[in-house]
Every structure is written in C-alpha cells, then in structure tokens.
Amino acid sequence: MTDLLGLPRESLAEALAPVVDRPFRVEQIYQALYARAVPDFAGMTELSKDLRARLAERFHIGHPAISERRLAADDTCKYLFRLPDGATIEAVDIPDRGRRTFCISSQAGCALACKFCVTGYWGAGRDLTAGEIVGQVLAIRADRGLPMEGLNVVFMGMGEPLLNLPNVKAALDVLTEWISPQRITVSTVGLLPGIEEMAGWERRPNLAISLHAPDDARRSELMPVNRTWPLADLLAVLRRFPLERGRKITFEYILIDRFNDAPADADRLVRALAGLRAKVNLIPINPDTVLGGRMVPPDDARIDAFKERLRAKGLIATVRRRRGDDVSAACGQLRAFGRDPRGFRGKKEPPALSR
Ligand code: SAH
C-alpha cells in the first residue's frame, strides 16, 4: 500500500488519480493530511463514506505509532515510535518560547559509531522511508495539537541523513511545501558526496556539520568517519557550498572535559573555520552510562571561556541549552531503548580517550 505522506502535492494527485479525479477532492485530502495532520481516512469526514473506504483499500497514512511518550518538566516531549516492521525510532518536540523545534530521525540506528553518541553505540539500523520521516512531524503535531506554522525541523535525531539522502530529499520536498527550507536543518558528520549533492539542490535546507574536534587526530578518535573524509577535504567542500545571503553553516562542537576544550583548541577551531560563513554551536556533552566516564562536560567556567575565546576572535558562538534532561531526551541520548536489544556492540568497552 502506498504511503501518502511520502508524496509531494503533484505526485499525490497522480497517485490518487485512480480513485479521486476531481482536483478539489485531491486538495481536500492534501489539506487533511498536512494542515490537519489527520492520521487515517476515517478522520476525513468531508469525504463520502464510500470514498474513504476506497482510499483505505489502496493507501495508508504513515503516522508512526507512538509506543512511548515522555513529557519533561521543561515541556520537551520525547517520542518513541514503533514502525510497522518493529523498528523503533525517537524524535523530540522542543518548545522554546514562541518557537518550536522538532528533532527527527532519518535512520533507525546509525552505522557511524561516533564515540560520544548513544545511537552510534547501539549500531546500524535501516533507512527510514520518506513517509516515515514526514510521518514523525505529523504524528507529533497530531499528538500535541499543533499547526504546521511556526515549526522548525532539525535532522539531528537518530541516523546519518546523508546516508539516506534520496529519502531525506523526498521528505524535504514534502516538508518544504509547508515549512520554509530556512527553518529546516540537516545535520551531518560530513559525508562529502552527500554535501556536494545537496549543493546542487534548488531549495537547500540549512546545513549543520558535526565537527567536534579542531584537528584530524582527535576528530578521527571521536568520529571514525573522519578517516575517510578528513577535515581539510571537508572544509574545502564547505567553502564552496552555496549559501544565500545571510545564511551560515552551523558547526556543532561537543565539549568534552579536558579533551577538546582547551583555549588552544578554541584557537585551532577559529583557524580551521577561517574564511567560512560559520556559526559554532557548543554542546556540553551529555554523559551516558554506555559512553564511559571520560565523556563528561567541562564545568561552566571552562565552557564559557571556550565560547568567549571564539567570540573574541570574531566567530559567532552559542552554547546549546540542555532540554528534556529528565526524560533522556537531551542531545545524543536517542537510542530507541524500547526496542528488543540486539545486544550491545560485541566486545566494545566504553571508549578510552587518548588525553
Ligand atoms: N548523524 C548526524 C545527525 C545526528 S545529530 C550528525 O552527526 O550530525 C548528531 C548530533 O547529536 C551531534 O552533532 C551532536 O550535536 C549531538 N550529540 C550526539 N551525542 C551527543 C552527546 N552524548 N552529548 C551531546 N550531544 C550529542
């Protein structure tokens, strides 16, 4: 059965053609799917019973099933979704005064094994379909009673979006009919072929790069992918990445106590990013038992000193606030713990760091 949520407006009309021929009916269905986030055809009461039955025979609306939801004291809400094949993924709704950001997943796991990341610790999972990506946004909206307006979406949940680029692109084609690409951010470890492909897109979302270290030695230690796509190559490709006026590339930099948080590291970071339209988002690492005892954040004074050092040298730098802490919704803690564990990665011990 075809999932209607993976289809942008025109493809939706084509898919519906055998059942619905009048354009205004197609428009009613489109509005019901997105403006109202209706999860099933039964909810489309503006359509005849007969039409709803015929639609249900051929199509489905891929809202992932909410298997668990946890509302944090700060109103952040973490969702565990169960997909039809049993795969589980997480997404987070992060309200912030007038704004609101959904952090969504692109894969049901991750193969890249970054040492600071809980999802990576649990290992690879399958690619999500375009419908499953869009479905996360709609399922959260339906649950929280939210309109599409005013939403920001970040691909910073589980998985590496650029390893699932065709489906991420298809999902963006749908989402950008409702949300400006300027309000959508795709975060990547820095896979060059994917970044180069995105550079050619007409409607580009914001790009965020998980940098996390100022040199290859430490970046390779944290992120094995750096051995394939080292810093110099990554930064060269980013220097060519087309940016509209006023837009910048975000660099995410996890701060790990006494590992990458020295003043000299701030200086190296400034040099590495020279010539780029960059902003740096500093993320004090969220510790987790599976990550080992070295993966702890610096104290506030060190965090602040690092930020100020970047600023003094002219970089835009912010520190990411912790949200949803009490429900393990904070950065890097998405691990779909509701799934049947396939076991931890073999013999892996919590990572030892070199310094
Ligand atoms: N694979 C993509 C998308 C996942 S988002 C990427 O790596 O960019 C991954 C982001 O989650 C990282 O950039 C980091 O900002 C955050 N993250 C992962 N583990 C974390 C941890 N233990 N503490 C804080 N942030 C973490």
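The backbone N or O of R323 sits nowhere less than 3.5 Å from a side-chain atom of D74 that would complete a donor-acceptor pair. A donor-acceptor pair under 3.5 Å is absent between the side-chain atoms of S11 and the main chain of L7, judged by distance alone. Side chain of N260 to main chain of D265: no donor-acceptor pair is present (N/O by atom type, distance under 3.5 Å, no hydrogens or angles). One N or O on the side chain of T188 and one on the backbone of G190 form a donor-acceptor pair closer than 3.5 Å. No donor-acceptor distance shorter than 3.5 angstrom exists from the side chain of R36 to the backbone of Q31, with no hydrogens or angles considered. At least one donor-acceptor pair under 3.5 Å links the side chain of E132 to the backbone N or O of T129. Panel note: side chain N164, backbone S106; a donor-acceptor pair is recorded below 3.5 Å. With T76 contributing its side chain and A72 its backbone, the two residues share no donor-acceptor pair below 3.5 Å. Counting only distance, with no hydrogens or angles, the side chain of R141 and the backbone of A35 share a donor-acceptor pair below 3.5 Å. Remark: the backbone N or O of V20 is not paired with any side-chain donor or acceptor of R25 at under 3.5 angstrom.
Minimum heavy-atom separation, M198 to P205: CE-CG, 3.8 Å. Listed here is the closest heavy atom pair of A274 and R239: O-NH2, 2.7 Å. Contact between E46 and G43 at its shortest, heavy atoms only, is OE1-O, 4.3 Å. Closest non-hydrogen pair, R277 versus E244, comes out as NH2-O, 2.8 Å. Considering every non-hydrogen atom in both A91 and I140, the closest pair reads CB-CD1, 3.9 Å. Shown here for E177 and P8, the closest heavy-atom pair between the two residues is OE2-CB, 3.5 Å.
L207 is connected to W201 through a chain of hydrophobic side-chain contacts under 4.5 Å among Ile, Leu, Val, Met, Phe, Trp and Tyr, so both are in one cluster. L255 and V296 are members of different hydrophobic clusters when ILVMFWY side chains are connected at heavy-atom separations under 4.5 Å. Placement of L71 and V92 in two distinct hydrophobic clusters is found when ILVMFWY residues are connected by side-chain heavy-atom separations under 4.5 Å, directly or transitively.
Of the inter-residue distances, the one linking C114 atom SG with L291 atom CG reads 11.0 Å to the nearest 0.5 angstrom. Separation of atoms CD1 (I209) and NE2 (H212) is listed at 10.0 Å; rounding is to 0.5 Å. Rounding to the nearest 0.5 Å gives a distance of 6.0 Å between CG of D93 and CG of L146. The CD1 atom of I254 sits 11.0 Å away from the CG atom of L211 when rounded to the nearest 0.5 Å. Rounded to the nearest 0.5 angstrom, N167 CG and L172 CG are separated by 11.0 Å. Between the CG atom in L282 and the CG atom in L269 there is a gap of 8.0 Å [rounded to 0.5 Å].
A salt bridge between R218 and E221 is absent, with no side-chain N of the basic residue lying under 4.0 Å from a carboxylate O of the acidic one. Taking 4.0 Å as the cut-off between side-chain N and carboxylate O, K307 and D300 do not count as a salt-bridged pair. With salt bridges taken as basic N to acidic carboxylate O contacts below 4.0 Å, none links K78 and E68. With respect to K169 and E197, no salt bridge is recorded, no charged nitrogen being found less than 4.0 Å from a carboxylate O. Comment: R126 engages D85 in a salt bridge, judged by a side-chain N to carboxylate O separation of less than 4.0 angstrom. Contact check on D173 versus R203 returns no salt bridge, with no Lys/Arg side-chain nitrogen under 4.0 Å from an Asp/Glu carboxylate oxygen.
Taking the side chain as every heavy atom from C-beta outward, Q136 and F81 approach each other to under 4.5 Å. Between R144 and Y79 there is a side-chain heavy-atom pair separated by less than 4.5 Å. Considering only heavy atoms from C-beta on, L222 comes within 4.5 Å of I256 through its side chain. Put simply, the side chain of F102 reaches to within 4.5 Å of the side chain of L151, judged on heavy atoms. Residues I133 and I104 form a side-chain contact, since some pair of their non-hydrogen atoms from C-beta on lies under 4.5 Å apart. E252 is not listed as a side-chain neighbour of V280, based on a closest heavy-atom distance of 4.5 Å or more. Counting only heavy atoms from C-beta outward, the side chains of L33 and L5 approach each other to under 4.5 Å. When side chains are defined from C-beta on, L234 does not count as touching W229, because their heavy atoms never get closer than 4.5 Å.
For Y34, the ring pair (Phe, Tyr, Trp, His ring centres under 6.0 Å) criterion is met by Y30, W178, not counting sequence neighbours.
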Checklist line | Audit row: M223, L112, side chain to side chain contact (heavy atoms under 4.5 Å, CB included) steps and yes/no | finding: CA-CA 7 Å; M223 306 173 69; L112 293 175; over 6 Å; no

Next item on the list: Evaluate side chain to side chain contact (heavy atoms under 4.5 Å, CB included) for L315 paired with K279, printing each intermediate quantity in order.
Entry: CA-CA 7 Å; L315 264 182; K279 58 182 173 195; over 6 Å; no

Next item on the list: Go through the steps for V153 and R183 under the test side chain to side chain contact (heavy atoms under 4.5 Å, CB included), then give the verdict.
Entry: CA-CA 6 Å; V153 174; R183 286 173 167 268; over 6 Å; no

Checklist line | N206 and R247: CA distance, side-chain angles, deciding distance, side chain to side chain donor-acceptor pair (under 3.5 Å) verdict | finding: CA-CA 8 Å; N206 295 307; R247 291 175 85 179; 3.0 Å; yes

Next item on the list: Evaluate side chain to side chain donor-acceptor pair (under 3.5 Å) for D127 paired with Q107, printing each intermediate quantity in order.
Entry: CA-CA 4 Å; D127 289 342; Q107 300 180 306; 2.8 Å; yes

Next item on the list: Test D288 against Y121 for side chain to side chain donor-acceptor pair (under 3.5 Å), laying out the working first.
Entry: CA-CA 11 Å; D288 192 289; Y121 179 82; over 6 Å; no

Next item on the list: Show your working on side chain to side chain donor-acceptor pair (under 3.5 Å) between E90 and S105 and close with a plain yes or no.
Entry: CA-CA 7 Å; E90 293 181 27; S105 295; over 6 Å; no

Next item on the list: In sequence, state the C-alpha distance, the side-chain angles, and the governing distance for L235 and L273, and then conclude on side chain to side chain contact (heavy atoms under 4.5 Å, CB included).
Entry: CA-CA 8 Å; L235 295 167; L273 299 183; 4.0 Å; yes

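F155 pairs in a side chain to side chain contact (heavy atoms under 4.5 Å, CB included) with only one of the listed residues (V186, T185, L162), which is V186.
Summarising the local packing, CZ of R99 is surrounded by 12 or fewer heavy atoms from other residues, nucleotides or ligands at distances under 6.0 Å.
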Review item, side-chain donor-acceptor pairs of residues 54-66, under 3.5 Å, at least two apart:
residue: R54; atom: NE; partner: D50; partner atom: OD2; Å: 3.3
residue: R54; atom: NH2; partner: D50; partner atom: OD2; Å: 3.2

